[in-house]
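Chain naming here is simple, since letters A, B, ... match the order of the sequence lines and numbering starts at 1 in each.
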2 protein chains.
Amino acid sequence: MVLSLANESSYKEKKVITIGIVKELTGLSERQIRYYEERKLIFPDRTPGGSRRYSFADVEQLVEIANKIEDGVQTYEIRQEMIRDKKHKDAEAHKKMIQGQLNARFGVRKH
Amino acid sequence: MVLSLANESSYKEKKVITIGIVKELTGLSERQIRYYEERKLIFPDRTPGGSRRYSFADVEQLVEIANKIEDGVQTYEIRQEMIRDKKHKDAEAHKKMIQGQLNARFGVRKH
DNA sequence: AAACAATGTTAGGTTTCCTTACACGGTTGT
DNA sequence: ACAACCGTGTAAGGAAACCTAACATTGTTT
């Protein structure tokens, strides 16, 4: 594993994109983008001055949201889904961590 | 090969970052960032309104430039290096392309 | 019918960015 | 030595981009 790669892979999560660019990338209106934030579907960072900054992951998320809304799903339901997914993901992570600890004590030694 | 990965890998090249964020990411002043552009070391896109937009690759490039300048290298020399590197890279690409064409005619068939 | 959902639009204000120009101390070339 | 250049700071004035709040509209629930 190369160290500089730790950066590259985090490009996707870095919050560096303005709403104007997000609008270009997604085809959504600024109104829509802000509204989905109001409905707690998306969580941009803010500059000290108060401007929103999004990540590429946020942009992908927005596209998914827009698709669901086009399919008639309401923001409230989308939010419920997100919460469900997050719980599931957290449980996975927890299981993995426990497994890691078990391996550390009883698993194959590395040295 | 998964299609959605074609996107992920291009995050690095997409010009989506404002100069203010670049300043934060690199620690350089806006003056420096613009000056390196004036010296043809960096080539941001522009929005229709004229604002600069950088990629993560540009940000990395800027850090390299700043390091060289700290080492006393002049922008002119850095530019020469860049041109040399680009020529080398293009030659590589050309060689690879020729090789690809040879393979297509005489190499192992895929079907 | 009243309430809510999703979106557009407008208004007024703030932040961020732009170019141009001058200053200045250090380096280079003649 | 002195003119020219290098890299950077800073200031001014203006334009672009962003912000919130509010009201309007058209559907959809309740």
Starting at atom NZ of Lys23(B), determine the distance to atom P of dT16(C), rounded to an integer number of angstrom. 10 Å

How many whole angstroms separate atom CZ of Arg39(B) from atom P of dT8(D)? 11 Å

Give the rounded distance in Å between these two atoms: CZ of Arg52(A) and C1' of dC19(D). 7 Å

Distance below 4.0 Å between Tyr35(B) side-chain N/O and dG7(D) OP1 or OP2: yes

Per Arg31(B) side chain, nearest of listed nucleotides dA5(C), dC22(C), dC19(D): dC22(C)

Would you say Thr75(B) reaches dC6(D)'s phosphate, i.e. side-chain N/O to OP1/OP2 under 4.0 Å? no

Which part of the nucleic acid does Arg46(A) contact within heavy-atom distance under 4.0 Å: base, sugar-phosphate only, or nothing? sugar-phosphate

Please check the phosphate of dT8(D) (OP1 and OP2 only) for any side-chain N or O of Tyr36(B) closer than 4.0 Å. yes

Just to be sure I understand the rule, does Arg34(B) reach a base, reach only the sugar-phosphate, or reach nothing, if contact means heavy atoms closer than 4.0 Å? base

Sub-6.0 Å ring centroid separation between Phe56(B) and Tyr11(A): yes

Measure from CD on Gln32(B) to C1' on dG9(D) and round the result to the nearest Å. 10 Å

Listed nucleotide nearest any side-chain atom of Thr47(A), set dT16(C), dG8(C), dC19(D): dT16(C)

Derivation of the salt bridge (Lys or Arg N to Asp or Glu O under 4.0 Å) call for Lys89(A) and Asp85(A): CA-CA 6 Å; Lys89(A) 211 197 68 202; Asp85(A) 288 1; over 6 Å; no

Side-chain N or O of Thr18(A) closer than 4.0 Å to phosphate OP1/OP2 of dT16(C): no

Are Leu41(B) and Val73(B) joined in one hydrophobic group, where the rule is that I, L, V, M, F, W and Y side chains link up if heavy atoms are under 4.5 Å apart? yes

Nucleotide dA6(C), atom C1' - distance to CG of Asn67(A) in whole Å: 16 Å

Give the rounded distance in Å between these two atoms: CD of Glu70(A) and C1' of dT7(C). 14 Å

Let's see if you can work this out: which of dT7(C), dC18(D), dG7(D) has an atom nearest to the side-chain heavy atoms of Ile69(A)? dT7(C)

Taking atom C1' of dC18(D) as reference, at what distance in whole Å does atom CD1 of Ile33(A) sit? 12 Å

Within the structure, does a side-chain N or O atom of Ser51(B) lie under 4.0 Å from either OP1 or OP2 of dT16(C)? no

Go through it in stages, so that I can follow the logic: the residues are Lys96(A) and Glu92(A), the test is salt bridge (Lys or Arg N to Asp or Glu O under 4.0 Å), and I'd like the CA-CA distance, side-chain angles, deciding distance and then a yes or no. CA-CA 6 Å; Lys96(A) 212 163 185 179; Glu92(A) 285 295 310; over 6 Å; no

Closest to the Ser29(B) side chain: dC18(D), dG9(D), dA5(C)? dG9(D)

Residues Arg31(B), Tyr35(B); criterion side-chain hydrogen bond (donor to acceptor under 3.5 Å, both in side chains); working and verdict: CA-CA 6 Å; Arg31(B) 183 66 166 98; Tyr35(B) 180 66; over 6 Å; no

Glu38(B) CD - dT8(D) P separation (whole Å): 12 Å

Whichever of Gly49(A) and Gln74(A) has its nearest DNA chain D nucleotide further upstream toward 5': Gly49(A)

